[in-house]
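For the numbers below, each heavy atom of this structure counts, side chains included, while hydrogens, waters and symmetry mates do not.
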There are 2 protein chains.
Amino acid sequence: MMSAQARRSRPSARGTLSREAIVAEAIALADREGLDAVTIRRLAQIHNVTPMALYRYFKDKDEIFDGVAEGLIAQIALTPLTEDPWQDQLRAVLEAVLAALRPHPTVAGLVPTRFLDSAAGLAIAERTLELLGRGGLPQDKAAEVSGYLLSGLVGMVIVEPGRHHGSDADEREDAIRERMASLIALPPRKYPNVVQAAPALAACASPDAYYKLGIDILITGLLGVTTHL
Amino acid sequence: MMSAQARRSRPSARGTLSREAIVAEAIALADREGLDAVTIRRLAQIHNVTPMALYRYFKDKDEIFDGVAEGLIAQIALTPLTEDPWQDQLRAVLEAVLAALRPHPTVAGLVPTRFLDSAAGLAIAERTLELLGRGGLPQDKAAEVSGYLLSGLVGMVIVEPGRHHGSDADEREDAIRERMASLIALPPRKYPNVVQAAPALAACASPDAYYKLGIDILITGLLGVTTHL
DNA sequence: ACCTGAACACCGTTCAAGT
DNA sequence: ACCTGAACACCGTTCAAGT
């Protein structure tokens, strides 16, 4: 039913096919139905084309995922480098990364291992290394930290409490309610803190506050670590 | 050839089949050949059994992955709660999580979203919440932070520079060399920091130091955030 | 209770053609 | 240059039997 709609909604005037178009539909499909729904055959169907047609644009399925990651990274909006304090500028970078990834939690996991394979990712890595260097981190530590910051942000997006694959609001509420019920049903003598924290473990009261706290911990931690050197 | 070996190496005296045995082989298979190699049919072959036999023990493939996550989490060794400073005890928890996940980087990503579904995971969550509470974090913040710590650790394991699927040492070196070459070939005017940091971006000089720095940042960040409340 | 066997729908991918 | 069509090996999973 949904797939019939999708088949219909893309008339695909011959010649529309391109890397960008395929990647865009792959991201949209993953957002709607999860990463497993992204198959070569489904993508071909969406573009009104034979599965083999996609092989003109991508060597194999893995390259499509590379393209998806690159597409996400390309949406990270980097502001110009200034003479502002490094920690403020680094915070802006982290916020930009989150802003690009949060709308696409099911594909965010593709990003970290592919970050240095695209120009956009290299630009962000370059900026991050520059800012960490200004903060006093030696090059090798800065390299480790840059990867760590990125994967930390991606991790926050993936485990955001109450998030659920498929943007269906009812399913989301059901999943939260179910998790909540299973947590408050635990023996409070054995898991007092878990039971008390059940609402916060099951769903995020404020996603913005959740992400702000995560960034605060990272930046504060970096400040502490750099001054200890 | 490898799969023929695997077929041969498990005589499977009838009655050997069990959730634990299937999960153990699933983890071992993922470690050897990556998560995609873990299929119901491959697992059945390893246990000298028909694919359908596994459905006695798992409702579907997703439940096998749940079992794999639970198996990893069960290997996290939790020491008894004491009156030591909370940050020291929290560090010990984080180190225990890393010790369990590091040997299994290809399946580590299964853990965060399934953490609260097993008794072992709940015990660790309970401990973490207790320690964060001692540190002065309110319950709801502690819940967010506990998830964030976990996903941060998993992220570190997944993106550890120079890590590569399949424990083959030659392949690993080739991958590192290739990444290294592509980075130092970049225009140094555009990416001065990336080019300089190329060795550290391509591979970890000391994985232990890499993980220690990550934990330091998290703990230091937490200390800073809690004292600011 | 535990396992098999045949079948179905779907998958990525190769090869050889078509225009 | 760009797309099709048939085929192959492999998947998860259902249903119906076997012992």
Notebook entry, point to check: At under 4.0 Å, does any side-chain N or O of A:T39 touch on OP1 or OP2 of C:dC11?
Noted result: yes
Next item on the list: Figure out the CG/P separation between B:D36 and C:dC11, and round it to whole Å.
Entry: 16 Å
Note to self: Going by side chain to side chain contact (heavy atoms under 4.5 Å, CB included), name the residues that satisfy it together with B:A96, two or more places apart in sequence or in a different chain.
What the structure shows: B:I76
Next item on the list: For residues 99-112 of chain B, pull every pair meeting salt bridge (Lys or Arg N to Asp or Glu O under 4.0 Å), keeping only residues two or more places apart or in separate chains.
Entry: B:R102-B:D208
Next item on the list: Using the test side chain to side chain donor-acceptor pair (under 3.5 Å), find all partners of A:E130 that sit at least two apart in sequence or belong to another chain.
Entry: A:R134, B:N193
Next item on the list: Identify, with sequence neighbours excluded, every residue that meets side chain to side chain contact (heavy atoms under 4.5 Å, CB included) alongside A:P80.
Entry: none
Notebook entry, point to check: Could you give the CG-to-P distance, from A:L29 to C:dC11, as a whole number of Å?
Noted result: 10 Å
Notebook entry, point to check: Can you name the closest pair of heavy atoms from A:R114 and A:D66 and give their distance?
Noted result: NE-OD1, 2.7 Å
Next item on the list: Measure from CG on B:N48 to P on C:dC3 and round the result to the nearest Å.
Entry: 12 Å
Margin query: Distance check needed: D:dG12 P versus B:I22 CD1, whole Å only.
Written below: 13 Å
Next item on the list: Fill in the dot-bracket string of DNA chain D, one character per base: . for unpaired, | for a pair to another strand, ( ) or [ ] for pairs within the strand, taking Watson-Crick or G-U pairs under 3.5 Å.
Entry: ||.|||||...|||||.||
Next item on the list: Indicate, with a heavy-atom threshold strictly under 4.0 Å, whether A:F58 touches base, sugar-phosphate, or nothing.
Entry: nothing
Notebook entry, point to check: With sequence neighbours left out, what residues match A:A92 under side chain to side chain contact (heavy atoms under 4.5 Å, CB included)?
Noted result: none
Note to self: Strictly under 4.0 angstrom, non-hydrogen atoms only: write out the protein contact profile of nucleotides 13-19 of chain C, one letter per nucleotide from the 5' end, B, S or -.
What the structure shows: BBB----
Note to self: Can you list everything that forms a salt bridge (Lys or Arg N to Asp or Glu O under 4.0 Å) with B:D60? Sequence neighbours excluded, please.
What the structure shows: none
Next item on the list: Provide, to the nearest angstrom, the distance between the NE2 atom belonging to A:H47 and the P atom belonging to D:dC2.
Entry: 16 Å
Note to self: Just to verify, what does B:E126 make a salt bridge (Lys or Arg N to Asp or Glu O under 4.0 Å) with, not counting sequence neighbours?
What the structure shows: none
Checklist line | Nearest-angstrom distance from the residue atom CZ of A:R42 to C1' of C:dG12 | finding: 16 Å
